[in-house]
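Small disclaimer: the values here were computed from a predicted structure and weren't measured. Naming convention: chains lettered A, B, ... in sequence-line order (proteins, then strands); numbering from 1 in each chain.
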There are 2 protein chains.
Amino acid sequence: MAEPEPSSPRRSDSVFTRPPRGRRSQPALTRDRIVAGTIALLDREGSAALTMRRVAAELGVHATSLYWYVARREDLVDLAVDGILAEAAAGLPGPEEPWDLAVRTTARRFYAALTAHAWAAEFAGVRPLLGPNALALSRRIVAALGDSGGGEEAQAVAIRALANQILGAATTTVAMRVGAAAGGGTEDARAAAVSAADALAVENAYFDQVIDLLLAGIRARSAG
Amino acid sequence: MAEPEPSSPRRSDSVFTRPPRGRRSQPALTRDRIVAGTIALLDREGSAALTMRRVAAELGVHATSLYWYVARREDLVDLAVDGILAEAAAGLPGPEEPWDLAVRTTARRFYAALTAHAWAAEFAGVRPLLGPNALALSRRIVAALGDSGGGEEAQAVAIRALANQILGAATTTVAMRVGAAAGGGTEDARAAAVSAADALAVENAYFDQVIDLLLAGIRARSAG
DNA sequence: ACCTGAACACCGTTCAAGT
DNA sequence: ACCTGAACACCGTTCAAGT
């Protein structure tokens with residue numbers, strides 16, 4: 001549906017500069033194209049759609065072709081999750097920001113990216129987040145806690161607590177959305193229903209409060 | 001392997017007492033037997049082994065027979081997870097226990113059950129925990145927070161924070177175990193390796209500290 | 001170098017049929 | 001009431017083959 005026909009050699013800019021180009025045109029597939037296609041498919045059809053065959057179909061190619069670029073299905077998962085974290089990892093708070101504000105905005109961006117793509121929150125609970133964007137987000141929080149006034153041990157505990165909180169909050173948020181959608185047929189649920197925009201605002205407000213609770217604990221500890 | 005032959009009518013005790021027993025013996029399958037078999041299989045072979053066909057094989061029956069007792073695979077997941085939470089939900093702290101101690105021991109039991117069965121932590125991140133044992137654990141924490149001195153809003157935030165923390169901590173703990181096992185071949189990892197008992201003690205200590213951090217935040221808030 | 005095609009050993013689930 | 005058997009529409013992954 002409206003997909004640029006896969007065999008078209010529309011390669012844009014660098015086609016005139018780098019490659020030998022005499023014998024053969026560039027490959028139809030690239031890792032980036034695969035990641036983009038995977039994310040598009042997941043956004044459209046949800047986590048269950050992540051199969052080698054359907055990703056391949058999204059790209060106008062056969063499932064087995066993907067194995068030239070990734071070793072297994074899990075790699076596709078990891079690449080897609082880290083892909084949607086790019087938005088969150090770009091434009092992190094600078095080093096001049098107060099530590100607690102830096103923690104809060106970084107955590108919020110992390111959480112927002114995971115919940116903006118429900119499939120990402122689902123996968124994040126089952127795969128470790130080790131991609132470059134996830135690491136950049138983690139490192140910003142680690143750096144912020146270095147200014148929190150606590151000792152090394154206290155910082156290590158705080159880091160874990162924040163990581164658990166971000167992941168747990170994202171996971172339970174999307175689980176609650178599913179539950180709300182599934183129960184949406186009942187009268188009670190319908191009576192309690194609010195607009196999607198309001199629901200999102202409520203979710204975000206809860207997340208901020210939960211992070212603030214943790215920050216209060218960190219401050220209480222470093223003051224003690 | 002060493003399975004009691006499935007067609008044997010060894011029904012134990014109550015065979016002499018209750019059922020009509022004239023026309024037909026009891027069913028080979030029961031929901032409880034299915035849950036027990038599923039847990040045994042998962043403990044032995046991990047989360048990937050949870051397929052209808054393999055659970056059925058574990059019980060000496062055909063995959064399609066399971067559909068008489070459960071509607072779909074997800075039900076098996078939910079039943080197994082709540083099944084292993086039974087140990088945690090039995091013997092919760094009584095109402096005379098101080099609220100913070102009650103929160104800590106209940107959270108610890110919850111976390112311990114999920115991490116004692118790695119598959120349960122994996123599934124818990126992807127399925128909402130709505131079984132009777134999960135609800136009993138949640139309710140004990142809710143009740144404890146009622147004595148924490150905070151307002152209703154503060155309690156609601158604290159409940160979410162604790163739930164996120166328990167789920168997030170269990171998930172990241174098993175993910176780190178997998179990572180440690182996968183990297184176990186490298187020299188660095190081998191040098192840093194500790195005995196399984198020590199590793200478990202470290203995990204548990206971290207969990208306690210993380211919960212204590214949250215409790216410190218709750219106290220700071222209710223005191224403010 | 002990069003992609004296809006056939007093949008293997010699986011899946012969940014439905015449904016008619018047996019007893 | 002409870003279980004089997006056949007069938008459908010899928011899976012991930014390997015590997016030889018094409019270009």
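The side chain of Arg54(A) has dC11(D) as its nearest neighbour among dC3(C), dG12(D), dC11(D). Side-chain atoms of Leu29(B) lie closest to dC3(D) of the nucleotides dC3(C), dC3(D), dT13(C).
Here Ser65(A) reaches the OP1 or OP2 of dT4(C): one of its side-chain N or O atoms lies under 4.0 Å away.
Residue side chain Arg53(B) reaches the base of dG12(C) through a donor-acceptor N/O pair under 3.5 Å, judged by distance alone.
Distance CD (Gln26(A)) to P (dA1(C)): 16 Å, rounded to an integer number of Å. We find that CD1 of Ile34(A) is positioned 12 Å from C1' of dC3(C), with the value rounded to whole Å. When rounded to the nearest whole Å, the span between NE2 of His62(A) and P of dT13(D) equals 18 Å. In this structure, CE of Met52(A) is placed 19 Å from P of dA6(C), rounded to the nearest angstrom. Rounding to whole angstrom units, OH of residue Tyr67(A) and C1' of dC3(C) are separated by 15 Å. Taking atom CG of Leu50(A) as the reference point, atom C1' of dC10(D) lies 15 Å away to the nearest angstrom. If you take CZ of Arg33(B) and C1' of dC3(D), they are 13 Å apart, rounded to a whole angstrom. Regarding Tyr69(B), its OH atom lies at a distance of 12 Å from the P atom of dA1(D), rounded to whole Å.
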Quick one, Ile166(B) with Leu137(B), criterion side-chain contact (heavy atoms from CB on, under 4.5 Å). Give me CA distance, side-chain angles, the key distance, then yes/no.
CA-CA 11 Å; Ile166(B) 293 165; Leu137(B) 286 157; over 6 Å; no
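With DNA chain C read from its 5' end, the first of the two nearest nucleotides for Trp68(A) and Thr64(A) is the one closest to Trp68(A).
The two atoms that bring Ser65(B) and Leu29(B) nearest to each other are CB-CD2, 4.2 Å, heavy atoms only.
Under 4.0 Å is where a charged nitrogen must lie from a carboxylate oxygen, and between Asp208(B) and Arg104(B) no such pair does. A salt bridge links Glu58(A) with Arg44(A); the closest basic N to acidic carboxylate O contact falls under 4.0 Å.
Figure legend: Arg160(B) and Tyr206(A) shown as a cation-pi pair, the cationic atom lying under 6.0 angstrom from the six-membered ring centre and within 45 degrees of its axis.
Remark: dC15(D) base-pairs with dG5(C). Criterion, Watson-Crick or G-U wobble with two distances under 3.5 Å.
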